[in-house]
Amino acid sequence: MIDFFAVFGLEPRPVIDAGVLGNLFASKSKTSHPDRAADGDFATLNQAFNTLRDPASRILHLLALSGEEPQMKAASAGVSAWFGKMATGLQRFDRMFQPLSQETSSLLRAIKIREAQSILADLENISEGLTSEKEGLLQTMAQIDARWPSDRAEDRYSLAQIACDLRFVEKWLAQINERRLRLASIAF
Amino acid sequence: MSQIVGIDLGTTNSLIGIMDSGFPILLADSEGFRLTPSIVHFPASGEPLVGRPAGRMKAISPERTVFSVKRLMGIRPGETGKDTFPFRVVDTQGKTTIVIGDRTVTPEEVSTIILRKLKADAEKSLGESIDRAVITVPAYFNDLQRQATKRAGEAAGFTVERIINEPTAAALAYGLDRLKDRSRIAVYDLGGGTFDISILELNEGVFRVLSTNGNTRLGGDDIDRDLVRLLEERITARYPEIRHELKDPLFSARLRELAHDAKLRLSEENAVQIEIPFLSGNRRFNYLFSRQELDAITRPIIRRTRSHCLRSMDDAKVVPRDLDEVILVGGVTRMPIVRQLVAEIFQRLPNTSQNPDEAVAIGATIQAGIISGEIQSVVLLDVTPLSLGVETFGGLMNVIIPRNTTIPCKAGEMFTNAVAYQRSMRIKVLQGERELAKDNWELGSFEIEFAPVPKGVARVGIQFEIDANGILHVLARDISTGQQQLLDLASAVDVSDEAVEQMIAESVDHAFEDMSERVWTETAIKSNELLPAVKSALTLVGDQLTQEDRREIETLVNAVSEALDSKDIQRLKSANAALDQGTQHLATLLIDRAMSEAERRRAG
């Protein structure tokens, strides 16, 4: 298994500054891109960058490096609580959006856009809630990072749970965002 | 080794350039122009004409003169959409081909002929042979379209050193003398046939594309098409008796030229006179065509670029104020209305420092310089525009490499036998963003072989690699021996079946259109939806209308109500249409209100 932290000469830990990582990627690209070096392994550098810049996959890689394969599938109670609200909101929006996207009369369109707009407002509230949920997770991650390297089993367990929660939160945020984009694309 | 040229193989024009003592320069063709029209004329006998000489044949011999062939590159039958050409485009054995008299050419072959001319003319002006090239493609081209372009280059006698995305090339042209900069830019590239938007980060000579989006079937050609339709309407309004003559290929070609020229001139002038002195017999057609009219036609087409821009910014995780510049490329961006709409989307004045026709070719030439080693301080990191995946159980798309992943990249996927002693499994490779496999492009399929073992025991690792050209390679790795083998993707012509079925389904739909009962019900449903909508709109924003507007709408409402009682389909249809038309302004007011409400919600 390749240590993606080592690819950038970084110490393996939960938090990495995005700016530092971006600059390292840029400078290492200069020597390993196929346009610069025929034998440079750019694909691996690329994979390392993509793994490390995403907090969830970075944590999972960090844990995997020390031989752990977290099997967590369920979100924590705090995060799961959002699912019901989110799914209902999405369904309401999609039911509204389907006829809206095919409407040819501008007045009927305008009326339907207003309705979709108000459903979206509910979704945006959920989105805000999810965003602060995400910030909370990142904060906990930073706290664990502060006492890294840590061999405490509970730290490793929390990290695995954070990775799992982040995946759910990000997926839901993306789903809401997709609706926002769909409406923004047709309504202006 | 010979030098590497940079080629912009455009929908409307093509260009070729070369590095000259550290600077990219463009070469003139044998007619003396840097822009070579991407037009090929096939005479009844003899060699094809290419470029300007072919362009002159467009109006004389439209059915033998092929243009905008880029819109057909890598396109499967049924995907040509609304495009109509004066030459014959047909489907043969699941492939899109062009029929000229008794010969058949593929879009790829036409591109090869254009590339051959660029090559020959460049060789003549440089006095040496050239056999290596960097060729540009729209960023949103899929794997099939990229491969078709690469094959066209190879058939023209080039080693294709790189397929590079057009907006990325334009960014290189913009950024070459700003290598110390750290900035984020957007490149808005609207050409004759395609639209791309790319967002890049420039970091001390590293050009990293953060996201790209677009539409490979949206461009200036669409404006021309709608313009021709408008002129046809105006002519028939004046001379209804010559309606049938408008479809004459020679006349259509002439109209298309007139429309295109008028469009170009209206970027500088406020109105142009369109004159057709010998329309038919003694009839003459004069029409003062204003920029407002052109804008009205252009606006809906440009608005379609908006959603791509929003998605691109979203994928790059930037908002308009994070961008340092918005660079305009592509001939259509000369139009004032386009600049205005781009300014609205990005909330800033766009940067027009680049020559919209030449920036892409300059960029391709710079990339050629990077590959040859002539330019040392620049690295370009591009992305794959579309997600790559495989079809999974239940007809879903399982994404393996998400869109906007930096290339070259690789990703592995493990496949296992679903039933005991299964010997093989066929895997469909897909590209696109839709959840259902069938809604995405099928790039092809490959077969993996299993050893005869119990369920779930056989394991074959498949490696998907996207190279620096954005082209996919699939490798199978035998877990026990560790040996890799390059797999050939069987092409997926069967996709066309679905398109055909779709067309059949639609034609059946149309067959019932005359059934008056059904039409009446549908029209009445529309009316019953419209009437309360007007009422509620008037309650919400009616106070912003003039007395006159209000009365006008009330008259139209009454007309619909009366038509509903009359049971006259045509009357109801036109009453609905009139009410639709008459409430446009009301709809705009309603949307404005909804937008400001949403704005307030976000702010508050």
Side-chain angles (χ1 to χ4, degrees), chain A residues 18-19 22-38 40-51 53-54 99 103-118 120-122 124-125 127-128 173-174 177-178 180-188, chain B residues 162 201 203-206 208 303-304 306-308 310-311 314 344 367 370-371 373 376-381 402 405-411 465-468 526 529-530 532-534 536-537 540-541 576-577 579-591 593-595 597-598 601-602:
Chain A
N23 286 340
L24 280 171
F25 179 56
S27 66
K28 291 211 174 283
S29 297
K30 280 190 179 172
T31 51
S32 81
H33 191 272
D35 286 351
R36 287 275 76 94
D41 188 1
F42 181 77
T44 300
L45 180 73
N46 196 5
Q47 205 180 353
F49 176 62
N50 287 324
T51 307
R53 70 171 160 164
D54 170 54
E103 184 57 66
T104 50
S105 150
S106 21
L107 186 68
L108 293 178
R109 243 173 79 93
I111 297 244
K112 286 175 184 163
I113 283 174
R114 272 179 63 86
E115 289 174 44
Q117 198 79 262
S118 84
L120 188 69
D122 295 344
E124 303 253 23
N125 285 336
S127 176
E128 267 168 41
L173 280 172
N177 198 30
E178 174 62 29
R180 187 177 62 76
L181 277 173
R182 272 186 212 166
L183 188 59
S185 309
I186 63 159
F188 60 94
Chain B
R162 182 65 48 82
E201 189 177 75
N203 187 348
E204 298 185 358
V206 178
R208 179 154 75 95
R303 278 188 173 165
R304 287 170 57 199
R306 186 172 178 271
S307 68
H308 300 295
L310 295 179
R311 277 179 193 276
D314 200 69
E344 276 171 29
Q367 177 63 44
I370 295 172
I371 292 174
Q376 291 281 350
S377 46
V378 178
V379 172
L380 177 60
L381 305 179
T405 298
T406 303
I407 52 171
C409 63
K410 58 185 178 195
E465 293 187 10
I466 299 181
D467 66 17
K526 180 87 188 279
E529 210 179 346
L530 264 171
V534 174
S536 82
L540 282 164
V541 289
N576 275 349
L579 183 57
D580 246 1
Q581 189 63 36
T583 50
Q584 297 268 3
H585 181 52
L586 194 58
T588 314
L589 290 174
L590 211 54
I591 298 243
R593 188 180 154 122
M595 291 299 133
E597 278 170 1
R601 257 198 301 263
R602 254 190 290 278

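Proteins come first, then strands; the chains are lettered A, B, ... in the order of their sequence lines, and each starts at number 1. This one's a predicted model, so the numbers in the text were calculated from it and none came from an experiment. Every heavy atom of this structure was used, including side-chain atoms; hydrogens, water molecules and symmetry mates were not.
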Exercise for the section: Decide yes or no on side chain to side chain contact (heavy atoms under 4.5 Å, CB included) for R182(A) and R311(B), but give the supporting numbers first. Expected result: CA-CA 9 Å; R182(A) 272 186 212 166; R311(B) 277 179 193 276; 3.9 Å; yes
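- Minimum heavy-atom separation, L590(B) to A110(A): CD2-CB, 3.6 Å.
- Of all non-hydrogen atoms in F42(A) and I407(B), the two that sit nearest each other are CE2-O, 3.7 Å.
- Only the backbone of L380(B) comes within contact range of chain A, with at least one heavy atom under 4.5 Å from a heavy atom of that chain.
- Here L579(B) contributes atom CG and S105(A) contributes atom OG; the two are 7.5 Å apart, rounded to the nearest 0.5 Å.
- Between L530(B) atom CG and L107(A) atom CG the span is 6.5 Å, to the nearest 0.5 Å.
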Practice task
Show the numbers, then the answer: is there a side chain to side chain contact (heavy atoms under 4.5 Å, CB included) between Q47(A) and T406(B)?
Solution key: CA-CA 9 Å; Q47(A) 205 180 353; T406(B) 303; over 6 Å; no
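- Counting heavy-atom pairs under 4.5 Å between each of A174(A), G22(A), A121(A) and chain B puts A121(A) at the top.
- In terms of heavy-atom pairs under 4.5 angstrom with chain A, the leader among L540(B), T588(B), L589(B) is L540(B).
- Nearest approach of A26(A) to N203(B), heavy atoms of both residues: CB-ND2, 4.0 Å.
- Only the side chain of D314(B) comes within contact range of chain A, with heavy atoms under 4.5 Å apart.
- Looking at T405(B), only its side chain comes within 4.5 Å of chain A, counting heavy atoms on both sides.
- The contact between V534(B) and chain A is made by backbone and side chain atoms together, counting heavy-atom distances below 4.5 Å.
- Interface remark: R208(B) contributes side-chain atoms only to the contact with chain A (heavy atom separation under 4.5 Å).
- Annotation: maximal heavy-atom pairing with chain B below 4.5 Å, among N50(A), N177(A), T104(A), occurs at N177(A).
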Exercise for the section: Tell me, with the steps shown, if I370(B) and R36(A) meet side chain to side chain contact (heavy atoms under 4.5 Å, CB included). Expected result: CA-CA 8 Å; I370(B) 295 172; R36(A) 287 275 76 94; 3.9 Å; yes
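- In terms of modelled atom types and a separation under 3.5 Å, the side chain of R306(B) and the main chain of A184(A) share a donor-acceptor contact.
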Handout entry: Test side chain to side chain contact (heavy atoms under 4.5 Å, CB included) applied to Q117(A) and R593(B), step by step
Key = CA-CA 11 Å; Q117(A) 198 79 262; R593(B) 188 180 154 122; over 6 Å; no
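- Highest contact tally toward chain A, considering only Q584(B), Q376(B), K526(B), is held by Q376(B) [criterion: heavy-atom pairs under 4.5 Å].
- Interface residue D41(A): only side-chain heavy atoms are found under 4.5 Å from chain B.
- The closest donor-acceptor contact from the side chain of R303(B) to the backbone of S185(A) lies at 3.5 Å or more, if one exists at all.
- For E465(B), no part lies near chain A; criterion is any non-hydrogen pair under 4.5 Å.
- Using a 4.5 Å cut-off between heavy atoms, D35(A) touches chain B through backbone and side chain atoms alike.
- In this structure, chain B has no heavy atom under 4.5 Å from any part of E115(A).
- Of the listed residues A533(B), P408(B), S307(B), C409(B), the one with more heavy-atom pairs under 4.5 angstrom with chain A than any other is P408(B).
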Exercise for the section: Apply side chain to side chain donor-acceptor pair (under 3.5 Å) to the pair N23(A) and E204(B), showing each step before the final yes or no. Expected result: CA-CA 10 Å; N23(A) 286 340; E204(B) 298 185 358; over 6 Å; no
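- Salt-bridge check for R114(A) with E597(B): passed, with a basic side-chain N closer than 4.0 Å to an acidic carboxylate O.
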